[in-house]
Amino acid sequence: MTTQEANQEQFNVTANLFRGLESVGGKLKITDKEIIFTPHKINAQKNPLSIKINDIKEVGKRNTFYIVPNGLAIVVKSGEEYKFVVNNRQKIITHLNEQLVE
């Protein structure tokens with residue numbers, strides 16, 4: 001079985017990931033097993049990020065720059081928090097929270 005067969009894609013959206021002061025633009029892909037952020041090649045920070053669904057402790061809303069309601073926060077069991085900017089964040093939050101309950 002290939003990785004593509006094993007990981008069923010559920011979302012594939014444009015997103016930004018905050019890494020320090022830089023907002024790194026790229027693609028956020030959510031499968032039944034993991035979340036994968038792949039930066040665009042033009043970014044200074046080009047390292048991809050992979051978060052296993054089983055490692056997620058909490059998923060919630062956040063406001064970008066404290067006022068723009070388009071942020072997604074993912075906290076993993078190790079305590080690290082990842083901050084994304086996405087469209088339709090509520091769909092993604094609901095979906096991920098449903099996966100955490102299963």
Side-chain angles (χ1 to χ4, degrees):
M1 183 184 306
T2 67
T3 303
Q4 198 171 34
E5 291 169 337
N7 294 332
Q8 211 154 10
E9 187 176 306
Q10 297 160 343
F11 286 89
N12 193 351
V13 298
T14 56
N16 288 328
L17 170 61
F18 283 97
R19 288 184 165 160
L21 296 176
E22 185 181 3
S23 177
V24 180
K27 284 287 203 178
L28 185 68
K29 179 176 162 184
I30 301 173
T31 72
D32 58 332
K33 307 269 189 243
E34 64 185 332
I35 297 169
I36 305 160
F37 177 77
T38 307
H40 298 306
K41 294 179 185 193
I42 60 170
N43 292 299
Q45 298 186 47
K46 295 177 176 61
N47 293 334
L49 170 69
S50 176
I51 304 168
K52 301 288 183 203
I53 299 295
N54 291 340
D55 291 339
I56 297 174
K57 176 181 174 185
E58 183 181 333
V59 177
K61 296 177 183 177
R62 64 177 299 279
N63 290 341
T64 305
F65 304 117
Y66 302 104
I67 56 170
V68 183
N70 63 353
L72 166 67
I74 298 175
V75 180
V76 294
K77 293 174 183 171
S78 67
E80 291 175 275
E81 181 178 14
Y82 299 97
K83 299 173 184 175
F84 295 93
V85 175
V86 294
N87 290 324
N88 299 317
R89 71 175 175 179
Q90 191 56 54
K91 279 184 174 181
I92 295 170
I93 290 169
T94 300
H95 175 76
L96 288 172
N97 280 324
E98 286 171 357
Q99 282 191 286
L100 296 178
V101 173
E102 295 175 357

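One is the number of the first residue; the rest follow in order along the sequence.
The backbone N or O of F84 lies less than 3.5 Å from no partner atom in the side chain of R89, so there is not a single donor-acceptor pair.
Among all heavy-atom pairs drawn from P39 and R19, the shortest one is CG-NH1, 4.2 Å. Across all their heavy atoms, A15 and L28 have their closest contact at CB-CB, 3.8 Å. Heavy atoms only, all atoms of each residue included: L100 and I53 are closest at CD2-O, 3.7 Å. Smallest separation of non-hydrogen atoms from K27 and N12: CD-OD1, 3.9 Å. Nearest heavy atom pair, residue F18 against residue S23, reads CE2-CB, 3.8 Å. Here the closest heavy-atom approach between residue I51 and residue Y82 is recorded as CD1-CD1, 3.6 Å.
Note that CD of E81 and NZ of K57 are 11.0 Å apart. Values are rounded to the nearest 0.5 Å. Between I35 atom CD1 and L49 atom CG the span is 8.5 Å, to the nearest 0.5 Å. To the nearest 0.5 angstrom, N97 atom CG is 8.5 Å from Q90 atom CD. Note that CD of Q10 is 11.0 Å distant from NZ of K29, once rounded to the nearest 0.5 Å. Distance check: K83 NZ to R62 CZ gives 5.0 Å after rounding to the nearest 0.5 Å.
Considering I56, I30, T31 in turn, I30 is the only one that fulfils the side chain to side chain contact (heavy atoms under 4.5 Å, CB included) rule with Q99. Exactly one residue among L72, N16, N70 makes a side chain to side chain contact (heavy atoms under 4.5 Å, CB included) with T64. That residue is N70.
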Begin with the C-alpha distance, continue with both residues' side-chain angles, and end with the deciding distance and a verdict on side chain to side chain contact (heavy atoms under 4.5 Å, CB included) for V24 and F37. CA-CA 10 Å; V24 180; F37 177 77; 3.9 Å; yes
Run E22 and N43 through side chain to side chain contact (heavy atoms under 4.5 Å, CB included) and show every step you take. CA-CA 9 Å; E22 185 181 3; N43 292 299; 4.0 Å; yes
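Residues V85 and I92 are members of separate hydrophobic clusters, defined by side-chain heavy-atom contacts under 4.5 angstrom among Ile, Leu, Val, Met, Phe, Trp and Tyr.
The neighbour count for K91 NZ, taken as heavy atoms of other residues, nucleotides or ligands under 6.0 Å away, does not exceed 12.
Counting heavy atoms from C-beta on, the side chains of K61 and I93 come closer than 4.5 Å. Proximity of N88 to V13: side-chain heavy atoms (C-beta onward) are nowhere separated by under 4.5 Å.
Counting only N and O atoms by type, the side chains of T94 and E98 include no donor and acceptor under 3.5 Å apart.
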